[in-house]
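Got a structure for you, written out below as structure tokens; questions coming shortly.
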Protein chains: 2
Amino acid sequence: MNLDTASEQALLDLPHSVVMIEKNKSVVREGDAVSHAWLVLKGFCVRLKYVGTGGRQIVSIHMKGDLVDLQNALLGIADHTVQTLTPCKMAKLPIRAVRQLTDTNPAIKDALWHDTLVDGSIHREWVANVGRRDAPTRVAHLLCEFALKLEAVHLGEQLDYELPMTQDQLADATGLTAVHINRVLRDLEKNGLIERITPRSVLIGDWKKLAAYGDFRSDYLHLDMAKRRAQGR
Amino acid sequence: MNLDTASEQALLDLPHSVVMIEKNKSVVREGDAVSHAWLVLKGFCVRLKYVGTGGRQIVSIHMKGDLVDLQNALLGIADHTVQTLTPCKMAKLPIRAVRQLTDTNPAIKDALWHDTLVDGSIHREWVANVGRRDAPTRVAHLLCEFALKLEAVHLGEQLDYELPMTQDQLADATGLTAVHINRVLRDLEKNGLIERITPRSVLIGDWKKLAAYGDFRSDYLHLDMAKRRAQGR
DNA sequence: CGTTTGGTTGACGAAGCTCAAAGCCGGTGG
DNA sequence: CCACCGGCTTTGAGCTTCGTCAACCAAACG
């Protein structure tokens, strides 16, 4: 999550409603006029775009503490869809109240701006990932990103977690097909880069090995530097 | 360009130096500590990332009026490289002065924040473009985006322009190879979607046809709505 | 003029896609 | 409790798109 605790609290001090949303539901649809921003309290969701031929591309994955759809809300018209992967608990914040908060509290505005800057940095890495890495590298990279993000919000061990996504959804995130994702995961396992007890579980035996294989350097996530350095990542 | 004229002027009222940079030079390198933001006054440049296997991915293309590297500057460490495509005239703005300006002038801060929001929207479209569109569609999409951006800054006709990029660079922007770009351009021409007098020139006979072929809808650029509507795009 | 840079084309190969079938697992209703 | 069902995963066979390698060409430039 790119928001600091104080800013998150300030947002939650705004009048808002808390909503439970079942899995595979669109919270916001591309093209909608948007009047609310959504803060994920629990569960996983993605932002995605549909392309002409019927395909879809997931452009980011979100979890607890992420403010999704601030982008849509501030620009007025949604340029992408927000969809849940799992049942989600979300805070629904009227964009008008958010604006008022940022206008009276420059520190919050800076924090939210910073959030959009990090968001952009992650997008750039994704462009590079889907544009220039081959399939196994691309998938390994995604697994690494997911691992670090999960750990950053204390949702699990970095080296042992459950993917909240089907192979179809992994395919939409990497620009591949579900069938190929399946084969790539099998090969990653065969090559000792991950272990899988169930299809969704990921166990990373050697972080450095997987990160090297996946061409993963965590800088673009702009997570807490000191912490990562202490852990040698 | 995503900045309004007033904000651009406010930036240029800051103490700054104007620099001429020859073509194919890196202005900022990935990993650098960054202390300046750069405003493009003339010429074309790109932002790009290198991946492990030696490849590069262009993540955005910039022209007159674009504030490149605000992202890098505000995050402190460059997560991408900025490189010129042509000789460029650029204003070099100390980030400290920019911060001071935004801290005392909320309207400017909003304008720059808006700029990063639009930047993010374009990144998302690029993820979808390289992730989920086939090569000819992808290239057509890029040609459309370029056409609209050029016209938005009055650098040329929307339907008839010169690409400031080699086919190598087009390949790096689309996640393809130069050879394949060459073939795709040939085929686009053969199919009557574009005409080319010289290798770099692009003449779009029928905008709607190319836009439909390239799965291009301009919303994500967040350009002046009224104007586009009047022109039926 | 030679050299360099970028564009063009052909032949071939590989990565990843499509189609299809089968297995697995959890949930649901009889 | 068991049978069935639907969503997800797995695997195979064949094919397409795009990449690689290599040669040649054209224009620009010193």
Just the rounded figure in Å: distance from P of C:dA20 to CG of A:N182.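 Computing the A:N182:CG to C:dA20:P distance gives 19 Å.
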Consider the side chain of A:P199, meaning its heavy atoms from C-beta on, and name the nucleotide among D:dT10, C:dT8, C:dG16 that approaches it most closely.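 My answer, after comparing the listed nucleotides, is D:dT10.
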Any idea which of C:dC17, D:dA22, C:dA20 is nearest the A:T177 side chain?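 Ranking C:dC17, D:dA22, C:dA20 by closest atom to the A:T177 side chain puts C:dC17 first.
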Measure from CZ on B:R186 to P on C:dG7 and round the result to the nearest Å.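 The answer, rounded to whole Å, is 15 Å.
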Does A:A135 or B:R200 map to a spot on DNA chain C nearer the 5' end, using the closest nucleotide for each?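 Taking each residue's closest nucleotide, the earlier one in sequence belongs to B:R200.
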Test item: A:Q167 and A:L185 side chains (from C-beta on) under 4.5 Å apart, heavy atoms: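 They are in contact (side-chain heavy atoms under 4.5 Å apart), so the answer is yes.
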Nearest-Å distance, NE2 (A:H180) to C1' (D:dC18)?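 Nearest whole value for this atom pair: 13 Å.
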Is a donor-acceptor pair below 3.5 Å formed from side chain A:R138 to base C:dG16, judging by atom type as modelled?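 Answer is no: no donor-acceptor pair is held.
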Is A:R196 touching bases, backbone alone, or none of the nucleic acid, heavy atoms closer than 4.0 Å?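 Counting heavy atoms under 4.0 Å across all strands, the contact made by A:R196 is with sugar-phosphate only.
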I'd like to check the salt bridge (Lys or Arg N to Asp or Glu O under 4.0 Å) partners of B:R196; sequence neighbours left out, ordered by chain and number.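 B:R196 satisfies salt bridge (Lys or Arg N to Asp or Glu O under 4.0 Å) with B:E189 once adjacent residues are dropped.
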Rounded interatomic separation in angstrom, taking CD1 from B:I181 and P from C:dG6: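 So the two atoms are 15 Å apart, to the nearest Å.
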Qualifying side-chain hydrogen bond (donor to acceptor under 3.5 Å, both in side chains) pairs with a residue from residues 31-46 of chain A, counting only residues at least two apart or across chains: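 Applying side-chain hydrogen bond (donor to acceptor under 3.5 Å, both in side chains) to every pair that reaches into residues 31-46 of chain A, excluding sequence neighbours, yields nothing.
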Expressed in angstrom and rounded to an integer, what is the separation of A:R183 atom CZ from D:dG14 atom P?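 After rounding, the gap between these two atoms is 13 Å.
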A:I197 has an atom CD1; how far is it from atom P of D:dT9, in whole Å?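 Result: 16 Å.
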Answer yes or no: is there a donor N or O on one side and an acceptor on the other, between the side chain of A:T137 and the main chain of A:R133, under 3.5 Å?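 A pair under 3.5 Å: no.
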Could you check A:R132 against A:Q167 and say which one's nearest nucleotide on DNA chain D is further toward the 5' end?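 Its nucleotide being nearer the 5' end, the pick is A:Q167.
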Check: A:K49 side chain, A:D79 main-chain N or O, donor-acceptor pair, under 3.5 Å: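 Yes, the answer is positive, given that a donor and an acceptor are paired below the 3.5 Å cut-off.
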Classify B:G55 by what it touches in the nucleic acid, base, sugar-phosphate, or nothing, heavy-atom distance under 4.0 Å.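 Answer is nothing: B:G55 stays at 4.0 Å or more from every strand.
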How close or far is atom P of C:dT9 from atom NZ of B:K190, stated in whole angstroms?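 Computing the B:K190:NZ to C:dT9:P distance gives 10 Å.
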Identify which nucleotide among D:dT20, C:dG16, C:dA20 has an atom closest to any side-chain atom of A:V179, counting heavy atoms from C-beta outward.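 Between D:dT20, C:dG16, C:dA20, the one nearest the side chain of A:V179 would be C:dA20.
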Rounded to the Å, how far apart are A:L176 CG and C:dA14 C1'?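 Going from CG in A:L176 over to C1' in C:dA14 covers 15 Å.
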